[in-house]
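Everything on this sheet refers to the single structure shown next.
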Amino acid sequence: MAAVAEGLETESAAAEDAARDAADAVDAGPGVPPLLAGNRLSLDLYPRGCHRLLHLCAQQVPQLLEVEFLQLSSHEDPRLLEATLARLPWSLPRLRSLVLKGGQRRNALGACLQGSLTTLPASLSGLTHLAHLDLSFNSLETLPACVPQMCGLSALLLSHNCLSELPEALGALPALTFLAITHNRLETLPTALGSLSTLQRLDLSENLLDTLPPEIGGLSSLAELNLASNRLQSLPTSLGTPVVPEMPRLLLTSDVDSFPVTPQGCSVTLACGVRLQFPAGATATPVTIRYRLWLPEPRLVPLGPHDSLLSGVLELQPHGVAFLQEVGLWLLFVPPRARRCREVVVRTLSDNSWSDLETHLEEEAPKRLWARCQVPHFSWFLVVSRPVSNTCLVPPEGTLLCSSGHPGVKVTFPPGATEEPRHVHMQVVHVGSRGRPALLEEPEAAASPLLCLTQSGPPSFLQPVTVQLPLPPGVTGLSLDRSRLHLLYRAPPAAAWDDITAQVALELTHLYARFQVTRFSWSVLPLASSVPPHPPVCTAYLTPQLPRYWLWYTTATCVGGLARKAWERLRLHRVNLIALQRRRDPEQVLLQCLPRNKVDATLRRLLERYRGPEPSDTVEMFEGEKFFAAFEGGIDVDAGRPDCVEGRLRFVFYSHLRNVKEVYVTTALDRKAQAVRGQVSFYRGEVPKEVPEEAEAARQKKGMDTLWMATLPIKLPRLRGSEGPGQGASLSLAPLNLGDAETGFLTQSNLLTVAGRLGPDWPAVALHLGMPYRELQRIRHEFRDDLDGQIRHMLFSWAERQAGRPGAVGLLVQALEQSDRQDVAEEVQAILELGRRKYQEGIQRTSLAPGDLGPPGPSALQSPEPAQA
């Protein structure tokens, strides 16, 4: 302490001047913010805050004895800061909350700078009333020895430091209820952590943990446990032992992961935004739950002709295991564009058939919606938007079924219509009136809502059933021409509409048309001939098809063709295709397929970072249709991707999801001589089976290749100076494999590819990788005229230090995401996924692992395509 005092002697005069100024500021009047506000003293935003506090202590200001909350900035001279803190137990004896945070200053890249605090004086253990200590955004490498001696501490915040381990003495804090140690370098936890019997919230996210000690199950009061962004592959079973009366709330971040569930229950938040609530007693024995979010493909998505997909496909395993109590499931979904007479439901596979669960919607933010449901067992789940469905049980006494979306649509079942009770389902589809006249080229054409009916039991009724439909808009029963009114009927799988106007007796009122039928035609899809042990989502299922009734008012002689065109229109979307190149890295290309009404808003958002040609001409595309993007004219895709089929990128169009891919392109041509002008062309793929065959003609385009949709130009500019892959080819680097066989490898070639993508963003990536700023400055100086050399030296020097350490690849992906380079992170993840898949297939081929190691079912061995949602 004497040495510190000597070091401060030379600054005493300046400190006194600053303190005098601060004292004057306290008494300066209403125009100056006071330092003391009741029992709070906030000096973290004032310059020379330590000088001000030392002056107040030297003046023995009486109000200091009442201060309970103190905030100081740790961006001070370390010796001055330590001397100031050493006086707190005597000058502020009633202190209950001490905040010593950094982060008030930022570097040139806008990142928060850590404070200079590396330790605390031992005298701080004398703060007997201290209950809250915040040391976030500092440079702590070890926990100060005085902290475990603060017996009254209830909240301890150590986030954004450099801690690599915690002392066993931490378990001696008897009153601790909240502990946050996020964004550190923890690889292990002390076993004494399990002795914190009062701890309720524990945040260990953004660390390097690969295991948890079994003693963590001794946290008997724990209510929330955050383990996001670590290297954990599993959780200890002790978390679910009877010692824990209420299972912690778990937050996991991994696309493929597992977690244990015990009879005590738990609440889990998955990385993909899915939430699960297991009530107590849901399982009789501990169960390990595995989950995976599949990307939407036609084989995974059971959509009806009027349905819209709003989410990816969530798989929860083990399949078919019944729970003793229903489990709560929350799924995020994209808000549907059209909501009139439509509802959002969760669809699941059960006993080889798809069904819709009772769903409740919860809104967390204007564009953050949850679909909540209760599930009795696990399978596949997705969120869809469908027309409002109404169901009733028809008894022998008869009943009335009304549409909740269209009150004018009714079905009356008279007494004696059935001998045994049967279920009848009704859907009413609204057909937009704006585009119909232009589509049919008939201004006076009008149509009622489309009525879809299905039932269980015998196909025929014993008594005629009365159906009521509203007349088409603009038509009344008193003025219409009956020769123009047509009642159309269609029973799948037939593709044609039948005009049954002459076969029924239409009773017209002022607003409605009524008719009677004795049967609802229906058919059954055949089951697959063989069902694999783990049935894929595309398994055929038993369901009655919906007969449809449609009331048309038209001037045309024959309405069959018009009805087909309007029917196809229900699933047809007018879209545009765009291809943009990143302004700072033209080799990065963004490809997207957008509904026409979303193009302008998307371009306004993207054109700050991307440039490119205008969107393509409008193209008509079906919901769930597959198409491909092919680079031509000397340009190729610069990566082996799971979604790359014969050199073409595979897309699946869903109107409510993001149909976007970011890829990197290359060329075999010499870019040093001149720029390379190529193109990307879009071609159609397969059409879902649910689309009528007649729709094929509606989408054909003129030209030699009828599958071609659009072509957009791509230009790779001429290379200047030392740019390009040729510079990296002369490197002499030691062979390197970063990662392991199970999680995937990154080779030297992969790292060179990543280095070629970073560009000016490399310093942010380096800082997030934990590289010291001094080393960053050294690299900049040594390679001051070579940006590529800076990037490669940074990346490979870090990789050589990480060789043989688990989780290094995950740390790289995390750093890329934190540096706003999600495009490069997704490419690295695609490389890893491809390596993992090949590794698993190799294990299965050599019979070294059980058959359920890979995705379920034969068709699932084809890796789903990278994110579109």
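A 4.5 Å side-chain heavy-atom check between L196 and T177 finds every atom pair outside the cut-off. Looking at L153 and H132, their side chains never come closer than 4.5 Å, going by heavy atoms from C-beta outward. For the pair N39/F69, a side-chain contact is recorded, criterion being any heavy-atom separation below 4.5 Å from C-beta on. Between L158 and L163, the closest side-chain pair of non-hydrogen atoms falls below 4.5 Å.
Side-chain N or O atoms of S221 include one that pairs as donor or acceptor with a backbone N or O of S197 at under 3.5 Å. In this structure a side-chain-to-backbone donor-acceptor pair under 3.5 Å is missing from N161 to N184.
Pairs of residues two or more places apart, or lying in two chains, that qualify as side chain to side chain donor-acceptor pair (under 3.5 Å) and include a residue from residues 138-155 are S74-N138. Within the structure, no pair that satisfies the salt bridge (Lys or Arg N to Asp or Glu O under 4.0 Å) test touches residues 155-176, not counting sequence neighbours.
In summary, the side chains of S819 and H768 do present a donor paired with an acceptor at a separation below 3.5 Å, with no hydrogens or angles considered. Between the side chains of S136 and S159, no donor-acceptor pair is found at a separation under 3.5 Å. Using modelled atom types and a 3.5 Å distance limit, the side chains of T191 and E215 yield no donor-acceptor pair.
We find that E68 and R94 are not joined by a salt bridge, their nearest charged nitrogen and carboxylate oxygen being 4.0 Å or further apart. Using a 4.0 Å cut-off between charged side-chain N and carboxylate O, E775 and R778 make a salt bridge.
Minimum heavy-atom separation, L316 to L329: CD1-CD1, 4.5 Å.
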